[in-house]
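Values reported hereafter were calculated over all heavy atoms of this structure, with side chains retained and with hydrogens, waters and symmetry mates removed. Letters go in sequence order (proteins before strands), and every chain restarts at 1.
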There are 2 protein chains.
Amino acid sequence: MRADARRNYDKILATARIVFTERGTDSSLDEIAKRAGVGPGTLYRHFPTREALVDALMQDWTDRVSADADAAIATGLPAREMLLGWFEHFIDHITLHRGAASKICAAMDDPASPMYRKCRVMGDANRRVIDHLDESGDLRPGVDAANVMRLVSGVASVADTSHADLDVRPMLEVVVDGIVRA
Amino acid sequence: MRADARRNYDKILATARIVFTERGTDSSLDEIAKRAGVGPGTLYRHFPTREALVDALMQDWTDRVSADADAAIATGLPAREMLLGWFEHFIDHITLHRGAASKICAAMDDPASPMYRKCRVMGDANRRVIDHLDESGDLRPGVDAANVMRLVSGVASVADTSHADLDVRPMLEVVVDGIVRA
DNA sequence: CACAATACGGAGACTGTCTCCGTTTTAGCA
DNA sequence: TGCTAAAACGGAGACAGTCTCCGTATTGTG
C-alpha cells in the first residue's frame, strides 16, 4: 500500500470513529470524507460499503471482546455472576457506536457480510464461556451458544434502539436464568 | 373527512400493506404514492412520517395480538407451553413487515412516537399473560412484564434482521426458562 | 530523473425525502 | 341546479445522501 493511501486510510478510520460515536453508524459517509479531508471517491475506494467501514472499526472490539470472555472465565465466579458480567461487557462493546448492534445482528448469520468474520470471533469468545459453563455442569441442557449470542445481541440491539436509556440488567437476568441449570 | 380524501387514504394504506410486505418498511414512500396513484404530497399529508404509516397498518395486528394473549391464557396449558405459544404468535405478528419489529422496539419506550399507543396495547396484552402466570405462582420472582416484552421484541428483531431465516423457538425456550419458576 | 503504476478528489448522476402552491374537487346552500 | 368557500390534490423541485467516473496528481522504482 502506497504511503499516501495508508495516510488517508488511517485518517478516514479515525474520523469515522469520532463521527460514528457522536452520531451513530448511519451518519453521512460523504461528511466523514469531508471531515477527514479526502474526497468521497477516496473513502469509497478504501471502504466500498458502510459495513466495510464499520467492520474496520470493529477490529479493536473483537480483540477486547475475546479478552473479556477469557477474563470472565478466569474470575472463577459462580455461573450467574460470571455470565452477567460477560454479557454486560459484551453489550458495552457492541453498542459503542449507535446502530452497530443491529448491524452485528444482521451480519452474524450472513456469511456474505464483510463483518461476518469478526462476528465469528465474538461468537467463538461467547462459545468458550458457554462451554466452560457446560464443563462445570452449570448449563441447562439444550442451550446452544449461537442462540445465546443472538439473544444477547438482541438485548444489545433493543437497548441501543431504545430512546430511553435502558438498563439491560433485568433483561440479562432473565436470559441468565434461562441458561444456567436450575 | 371528505370522500376523495378517504378514498386516497384507503388506497395508500392498501398499497403500503402490499409494498411493505413485499419489500419491508424501508421501501420508498414516493413509490408507494405512485403505485397508489396519488402524488407524494397526498401521501405525506395523510401520513406525515413513515412511522405514521406503519402505525396505521398496525391497527389490525394490535387487535389480533390482544386476542392472542387472551386466547393463550384461556388454553389452560402449562406455563411453559402457554408462554411459548404466546411469544410465537406475538413474533409472527410483529414481523409481518420486514423492519417493523425494530421500529416497534424503538417506539416502545418513546412516548413521542406515533406508534407508542399501539405498543402500549401490545404491552398490556403481554402484561395480562405475565400477570396470569404470576397468579398461578409460575412466575419467577423479579421478572417484569415490560422487560419480557422488550426481550421478546428483541428476539423478533433479530429474527427479522437475520438474513438466514432463523428458528426463534430455541431462543424463546431460553427466555421462557428464565421467566417460569424453576 | 523519468515514467508507469497507483491513488486522489470532486463533479455529477441517481435515488429518496419532503414541501410549496397553483389547480381541482367536494359539499353545503340558495 | 349552479355557486362558492373550504378542503384536498399532485407534481415540480429543493435538498440530502450514495456512489462512480475519469482527468489530474502523487509515489516509488529502475
Would you indicate what T42(B) reaches in the nucleic acid, counting non-hydrogen atoms under 4.0 angstrom: base, sugar-phosphate, or nothing?
base

Under-4.0 Å side-chain N/O to phosphate OP1/OP2 contact, N8(A) with dC8(C)
yes

Side-chain donor or acceptor of T95(B) paired with backbone N/O of I91(B) under 3.5 Å
yes

For V174(B) and I179(A), which heavy atoms make the closest approach, and how far apart are they?
CG1-CG1, 3.9 Å

Could you tell me whether the phosphate oxygens of dT25(C), OP1 or OP2, come under 4.0 Å of any side-chain nitrogen or oxygen in R2(B)?
no

Please report, rounded to the nearest Å, how far the P atom of dT24(C) is from the CZ atom of R7(B).
17 Å

Heavy atoms only: give me the nearest A182(B)-R140(B) pair and the separation to one decimal.
CB-NH2, 4.3 Å

d(CG, D26(B); C1', dG16(C)) in whole Å:
12 Å

Under the side-chain contact (heavy atoms from CB on, under 4.5 Å) test against M122(B), which residue among H93(B), M108(B), M58(B) passes?
M58(B)

Students often get this wrong, so: under 4.0 angstrom with heavy atoms, is R45(B) touching a base, only sugar-phosphate, or nothing?
base

CA sep, side-chain torsions, deciding dist, call: H97(A), T25(A), side-chain hydrogen bond (donor to acceptor under 3.5 Å, both in side chains)
CA-CA 6 Å; H97(A) 304 314; T25(A) 43; over 6 Å; no

Worked verdict on S136(A) versus D138(A) for side-chain hydrogen bond (donor to acceptor under 3.5 Å, both in side chains)
CA-CA 6 Å; S136(A) 55; D138(A) 289 317; 3.1 Å; yes

Could you state the atom-to-atom distance from CD1 of I32(A) to C1' of dG9(C) in whole Å?
17 Å

Starting at the 5' end of DNA chain C, which residue's closest nucleotide do you reach first, D30(B) or A3(B)?
D30(B)

Counting just side-chain N and O atoms, does H46(A) come under 4.0 Å of either OP1 or OP2 of dC8(C)?
yes

Centres of the W86(A) and H132(A) rings: under 6.0 Å?
no

Check step by step if side chain to side chain contact (heavy atoms under 4.5 Å, CB included) holds for R127(B) and M149(B).
CA-CA 8 Å; R127(B) 184 178 308 276; M149(B) 170 89 171; over 6 Å; no

Heavy atoms under 4.0 Å, any strand shown: does P40(A) hit a base, just sugar-phosphate, or nothing?
base

Between CG of L43(B) and P of dC18(C) the distance, given in whole Å, is 10 Å

Minimum-distance nucleotide to Y44(B) side chain [options: dT17(C), dA7(C), dT26(C)]
dT17(C)

Under 4.0 Å, heavy atom to any atom of DNA chain D: which of residues 97-105 of chain A qualify?
none

Ranking M1(A) and L29(B) by the position along DNA chain C of their nearest nucleotide, the one closer to 5' is M1(A)

If I compare all heavy atoms of I12(A) with all of A36(A), which pair ends up nearest, and what's the gap?
CA-CB, 4.1 Å

Would you classify R6(B) as touching base, sugar-phosphate or nothing, given that sugar-phosphate means primed atoms plus P, OP1 and OP2, and contacts are heavy atoms under 4.0 Å?
nothing

Heavy-atom contact window of chain B on DNA chain D, given 5' to 3' at under 4.0 Å:
dA6(D) to dA12(D)

